[in-house]
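In what follows, chains are A, B, ... by sequence order, proteins preceding strands, each numbered from 1.
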Number of protein chains: 2
Amino acid sequence: MRARSTTASDPTVLERLRGAGLRPTRQRLALARLLFARGDRHVTAEALFTEAKQHRVNLSLATVYNALHDFTGKGLLREIVLDSNRSCFDTNTSDHHHFYFERSGRLEDIPAEQVRIAALPQAPDGASVSRVDVIIRVDG
Amino acid sequence: MRARSTTASDPTVLERLRGAGLRPTRQRLALARLLFARGDRHVTAEALFTEAKQHRVNLSLATVYNALHDFTGKGLLREIVLDSNRSCFDTNTSDHHHFYFERSGRLEDIPAEQVRIAALPQAPDGASVSRVDVIIRVDG
DNA sequence: CTTTAGTTTAGAATTGTTCTAATCTACTTG
DNA sequence: CAAGTAGATTAGAACAATTCTAAACTAAAG
């Protein structure tokens, strides 16, 4: 028998939320379980909402948006900008980049080490670089 | 007296449209003049629409969207994805990247040569890379 | 000219997201 | 444990960017 990771009250997820200073409500716990149970994931708000409903989690779409933003604000997620009409969130918050399969919409992580950026231009006038995003768009 | 570049029927712009296989209508000519008269520009649909109105060009917002997409389809423009809630179009269609000043929303081009990407990972399974986008987000 | 295929348009519709204000609930303190 | 309270959730309205629709228009070809 397997561990029922989506229904059991998972102490890891609970601590993860508390550790981030987020009150571990029923809704956040459920979403966090969906997001962090498996390995790295890329989700949109709508997709996560649908998934939650499929798992009989009772919550509203607004809560999904709130949770995704709260999680992102606390560094549990990272927002990726791919399409100019939907936001995507990544459970992998370490430094990395992406392959974007334009046909299917699928995303694949690229470890930061695999992309070496040489000769970065001066960030003009004391402006500090907050992040470098590399998106490799592929047809496949 | 200066050349009235926005009102004169500019043969360059006209040929540019025709060369791209786009019927040179009054609206497209006006937009093309605004876009290509000066050097490289980054515009959103709304911003271009506003600018057109300021120049007493009579057209609808839908036409601006149509024109931007048609121009992009013919390689006269390039779409940049920065924000997940508005599309931006770049008159510089050559290979290059961007500084994105998150505070002001300003964009600055980085010539492709200045960003050397080493050790690109395999594009999985015969998938061909259609484009590599590098966005350097700066606070300034 | 006339025809026709491509273009424009106003406004409605759609989509993704945020807001609002009422209700609820996790946590603190007594 | 019983309040009290700050924070969270919610349904639905509101919003912003974009696309759609179907009718009217127009550039180019015949």
Expressed as a whole number of angstroms, how long is the span from [X]:[atom1] to [N]:[atom2]?
X: Glu79(B); N: dA17(D); atom1: CD; atom2: P; result: 15 Å
X: Asp83(A); N: dT19(D); atom1: CG; atom2: C1'; result: 15 Å
X: Asp70(B); N: dG6(C); atom1: CG; atom2: P; result: 12 Å
X: Gln27(A); N: dT25(C); atom1: CD; atom2: P; result: 8 Å
X: Leu22(A); N: dA26(C); atom1: CG; atom2: C1'; result: 13 Å
X: Leu29(B); N: dA27(D); atom1: CG; atom2: C1'; result: 11 Å
X: Leu17(A); N: dG7(D); atom1: CG; atom2: P; result: 17 Å
X: Leu59(A); N: dC24(C); atom1: CG; atom2: C1'; result: 15 Å

Task: Residue pair Asp109(B) / His42(B), side-chain donor-acceptor N/O under 3.5 Å - done: yes
Open item on the list: What does the B/S/- profile of nucleotides 12-23 of chain C look like, 5' to 3', with a 4.0 Å heavy-atom cutoff to protein?
Closed with: ----SBBB----
side-chain N/O [X] vs [N] OP1/OP2, d < 4.0 Å:
X: Arg18(B); N: dA28(D); value: yes
X: Ser60(B); N: dG11(C); value: no
X: Arg28(B); N: dT7(C); value: yes

Task: Charged tip of Arg78(A) within 45° of Phe89(A) ring normal and under 6.0 Å - done: no
Task: cation_pi(Arg16(A), Phe36(A)) dist<6.0 Å, angle<=45 - done: yes
- [ ] Compare the minimum distances between each of dG6(C), dT8(C), dT9(D) and the side chain of Thr63(B), then state the nucleotide with the smallest one.
- [x] dT8(C)
Task: Distance-minimising heavy-atom pair for Ala45(A) and Leu61(A) - done: O-CD1, 4.4 Å
Open item on the list: Among Asp139(A), Leu107(A), Val138(A), which residue satisfies the side-chain contact (heavy atoms from CB on, under 4.5 Å) criterion with Phe101(A)?
Closed with: Val138(A)
TODO: For Asn58(A), report the nucleic acid contact type (base, sugar-phosphate, nothing); a contact means any heavy atom under 4.0 Å.
DONE: sugar-phosphate
Open item on the list: So Asn66(B), base contact, sugar-phosphate only, or nothing? Heavy-atom distance under 4.0 Å.
Closed with: base
TODO: Could you label the plane-to-plane angle of the His96(B) and His98(B) rings as parallel, tilted or perpendicular, counting under 30° as parallel and over 60° as perpendicular?
DONE: perpendicular
- [ ] Begin from the C-alpha positions of Tyr100(B) and Asp133(A) and carry the test side-chain hydrogen bond (donor to acceptor under 3.5 Å, both in side chains) through to its verdict.
- [x] CA-CA 11 Å; Tyr100(B) 181 40; Asp133(A) 288 336; over 6 Å; no
TODO: Please evaluate the base of dA8(D) for a donor-acceptor partner in the side chain of Arg23(A) within a cut-off of under 3.5 Å?
DONE: no
